[in-house]
Structure formats: structure tokens, C-alpha cells
Amino acid sequence: MSERETSGHSRLSLNGLSCVYGKVAAVDHLSMDIAPGEFISLLGPSGCGKTTTLRMIAGFIRPTGGTITMDGEIISSPEGSLPPEKRQMSMIFQSYAIWPNMTVAENVAFGLKLRHFDRASIRTKVQAMLDTVRLGGLADRYPAELSGGQQQRVALARAMVIEPRVLLLDEPLSNLDANLREEMRFEIRRLHDAFHFTTVYVTHDQGEAMVTSDRIAVMNQGRLEQIEAPHALYTRPKTRFVAGFIGRTNLLEGRIAGDRIAFDHFDLPRGVFQAHELATSGAVVFSVRPHSISLHREAGTSDQHIAVQAQLVERAYLGEYWDYVVSPVGSDVRLKVAATPSQVFEVGDTLWLKFDLQQMAPIEA
Ligand code: ATP
């Protein structure tokens with residue numbers, strides 16, 4: 001089945017989609033295009049509108065504004081909504097929702113029976129799908145005889161075997177323990193690589209979104225903050241919200257004055273940020289990741305990095321790395337720096353810090 005054409009999968013478009021409950025705009029003018037075969041995560045804090053968006057795509061909630069189109073056809077609008085069962089989508093919930101009184105094979109076969117496939121092809125499809133989700137030997141077990149991870153695999157198999165036009169997943173791993181959750185992220189991506197269903201995945205866990213997704217849509221208060229591939233989102237967050245939500249970061253506020261950018265008690269040449277279109281004046285804010293700053297006993301010279309003298313004010317040893325806090329000399333700015341375990345410095349040391357300028361992204365001030 002891995003050779004399935006991605007062109008057979010559906011394109012989804014959300015166009016100015018809104019859902020207002022009383023005075024709360026759960027989803028507020030949300031627009032995005034999801035390409036056939038693409039895996040998109042909706043990522044954001046609790047209450048940002050992820051589930052409402054997913055339920056509108058599934059057809060359980062009718063929008064109060066905007067439209068959803070699937071392959072160009074309007075399936076949701078305030079005027080009307082195609083019922084969920086007519087959308088040819090599959091949805092997976094955190095609770096698995098597999099039938100306890102059916103065996104694994106019967107659970108997976110159920111959707112095929114509804115669609116009137118003949119017995120021989122049901123048997124072949126179910127077995128192939130169970131092999132793909134690595135449950136080949138457990139076809140005759142009942143859900144109560146399975147682990148949480150195995151039950152989630154049954155839910156995945158059942159959703160995928162009908163070859164949905166769109167696969168929807170609502171926090172599907174949140175009931176699993178931490179180790180299994182981590183393993184299942186890779187499993188979900190592996191299955192996507194095998195089948196390429198157009199997928200929308202709701203999560204508040206950025207690690208999960210990073211591992212599984214082609215692109216991540218970060219939502220905040222019903223709005224789309226940024227939609228980007230994981231690497232670009234991490235290295236080039238556009239807003240303070242995204243910079244802070246995706247990993248840890250330092251927000252460095254400066255003011256551009258001609259060729260220089262002045263920060264609190266140090267400055268950097270504007271020319272080193274050629275990759276970005278910076279104005280020649282005005283305020284600017286950079287997101288600098290803790291591992292994009294390095295600490296040195298000597299200043300040295302390098303075109304890539306600009307050294308700033310700083311004092312080490314705090315440190316914590318976390319086993320895999322050191323968490324340092326440094327402050328440029330005379331400055332109130334405090335910067336988090338991640339360093340390898342062998343880079344040992346003491347509180348009070350005067351050091352030189354260097355920014356990896358390639359990794360410094362200007363965000364909306
Ligand atoms: P979580 O991660 O906690 O599930 P979420 O991002 O999925 O959150 P939604 O469940 O979509 O968020 O809710 C978005 C907002 O809409 C919240 O402020 C919520 O309180 C509100 N909301 C959701 N459903 C309803 C409803 N049926 N009636 C009124 N308000 C609602």
C-alpha cells in the first residue's frame with residue numbers, strides 16, 4: 001500500500017474560518033491550505049481553539065463564519081455543513097473509542113463491512129493493515145487484553161484501513177505514559193510516510209508536533225500565529241508567542257541606528273544580519289535560543305560571531321547540559337545559555353559570549 005498515490009488524497013482549505021460561542025471567539029478568522037498528503041499539526045495552549053477547528057473539519061460543529069473546502073467543494077459554512085459521515089474522513093480520539101466487545105480484527109474490519117467490501121478483500125486489507133501497525137499476531141484479542149499503546153494502534157488501523165480522504169487526530173497520545181508517547185510519535189510519522197493521508201493532528205505537545213508534522217500551525221486565542229515546517233518554525237519564529245511556545249528562548253530587545261544595533265550596554269553591526277531585511281532605524285527584537293550563544297574565556301576573532309563581555313550570574317547542572325545565565329557587563333539583560341557538560345564555568349566568572357548570528361531571528365517587535 002506504500003505506493004498509494006498521494007494525488008488521491010484531498011486538499012483542505014480553511015478560509016476565514018470562525019466559531020463564536022456567545023462572546024468567545026473560539027476560532028477567529030483562521031485560514032490555511034493543507035496540501036494533498038500533507039501532515040499538519042494544530043499546536044497551541046489549552047483553549048486556543050485547536051479542538052474546535054478539528055471538529056469543524058470533521059463536520060461536528062458548523063462554523064459561524066468562513067468556509068472549509070475539500071478539493072474545491074464547500075463542506076462547511078454558516079449556511080450548511082456536510083454531515084460527518086459523508087465526508088469520508090476518519091477521526092481518532094484520545095480515548096481510542098475502539099469497541100470492547102469486538103476483537104482487534106473485527107474492530108478494524110468494521111468500517112470496511114459498512115462500506116460493503118466482500119469478505120475476501122476485507123480479510124486481506126485487515127491483515128495487511130494489522131501487519132503495518134505491528135499487531136499482526138493479535139488479531140483475535142479483545143481490547144481489554146491489549147496495552148494502551150496496542151489499543152491506540154488498533155484505533156489507527158481502524159481509521160486508516162478505509163483509506164480516508166482526511167485523517168483527523170485529537171491528542172491521540174495523551175493517555176499513554178511518557179515513554180510510549182515518545183515511541184508512538186515516530187510510529188505515527190512512519191505510518192504517514194507509508195500512506196500519505198492528508199492529516200490534521202491536534203496537540204499541545206511541541207515535541208509531538210515536531211516529530212510528526214510536515215508543517216505546524218501555531219494557534220493562539222483562536223488565531224493562527226504562524227504555520228511553517230518544524231525547523232523553520234524553531235529557527236525563525238515570527239512572533240514572541242511562537243518564540244516562547246516552541247522551545248526556550250531569549251528575547252533580546254534592541255534599537256537600530258544606521259549601521260549598528262544597540263542593545264543594553266552592547267551593540268552589534270546591522271550588516272551581520274544580511275539574511276533578514278532589517279529597517280535602518282526603530283526597535284527590533286531577536287529570538288536567541290540558549291544553544292545559539294556560546295561562552296569563552298577569550299574573545300578571539302571571528303567573522304561569524306561577535307563577542308560580548310559578560311558575567312556568569314547563575315548556573316544549574318542538568319546532566320545532559322549546563323544551564324547558565326549570563327549578563328553582559330553593565331547590563332540588566334539576562335541570557336540563558338546551554339553548554340555541554342565539559343564547559344564548566346563558575347558563578348562570577350567574566351567571560352565572552354558569542355552569538356550564532358545565523359540563528360538569531362528578528363521577530364515582530
Ligand atoms: P484544549 O487543548 O484544552 O483541548 P483547545 O485548544 O482544543 O483546548 P477548544 O476546545 O477549541 O480549545 O476551545 C476554544 C475556546 O472555546 C475555549 O475558550 C473554550 O472554553 C471555548 N469553547 C469550546 N467549546 C465551547 C462550547 N461548546 N461553548 C462555549 N465555549 C466553548
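All residue numbers refer to positions in the sequence shown, counting from 1. Order of listing sets the numbers, starting from 1, for every ligand and every atom in it.
When only non-hydrogen protein atoms are considered, atom 31 (C) of ligand 1 lies nearest to Y21 CD1, 3.2 Å. The single protein non-hydrogen atom nearest to atom 7 (O) of ligand 1 is T51 OG1, 2.7 Å, given as residue, atom name and distance. Looking from atom 3 (O) of ligand 1 to the surrounding protein, the closest heavy atom is S46 OG, 2.6 Å. Taking atom 2 (O) of ligand 1 as the reference point, the nearest protein heavy-atom neighbour is K50 NZ, 2.9 Å. The protein heavy atom nearest to atom 13 (O) of ligand 1 is T52 OG1, 3.8 Å.
When the options G47, C19, A26 are ranked by their closest heavy atom to atom 8 (O) of ligand 1, first place goes to G47.
The N/O atoms of C48, backbone and side chain alike, include one that comes under 3.5 Å of an N/O atom in ligand 1. Checked against a 3.5 angstrom limit, the closest N/O atoms of T53 and ligand 1 fall outside it. At under 3.5 Å, not a single nitrogen or oxygen of H204, backbone or side chain, sits near a nitrogen or oxygen of ligand 1.
Between Y317 and W322, the ring-plane angle classifies as tilted under the 30° and 60° cut-offs. Taking the six-membered ring for Trp and thresholds of 30 and 60 degrees, F110 and W99 have ring planes inclined between 30 and 60 degrees apart.
We find that R189 and D214 are joined by a salt bridge, their nearest charged nitrogen and carboxylate oxygen being less than 4.0 Å apart. With respect to the salt-bridge test (charged N to carboxylate O, under 4.0 angstrom), the residues R11 and D71 do not qualify. In summary, E183 and R153 engage in a salt bridge, as defined by a charged side-chain N under 4.0 Å from a carboxylate O. Between E79 and R62 there is no salt bridge, since no side-chain nitrogen of the basic residue lies less than 4.0 Å from a carboxylate oxygen of the acidic one.
For atom 17 (C) of ligand 1, the nearest protein heavy atom is under 4.0 Å away.
Between G44 and ligand 1 there is no heavy-atom distance shorter than 4.0 Å.
Listed by atom number, the atoms of ligand 1 under 4.0 Å from P45 heavy atoms are 6 (O).
In this structure, the side chain of R289 engages the main chain of R248 through a donor-acceptor pair within 3.5 Å.
In this structure, a donor-acceptor pair under 3.5 Å is absent between the side chains of D140 and T103.
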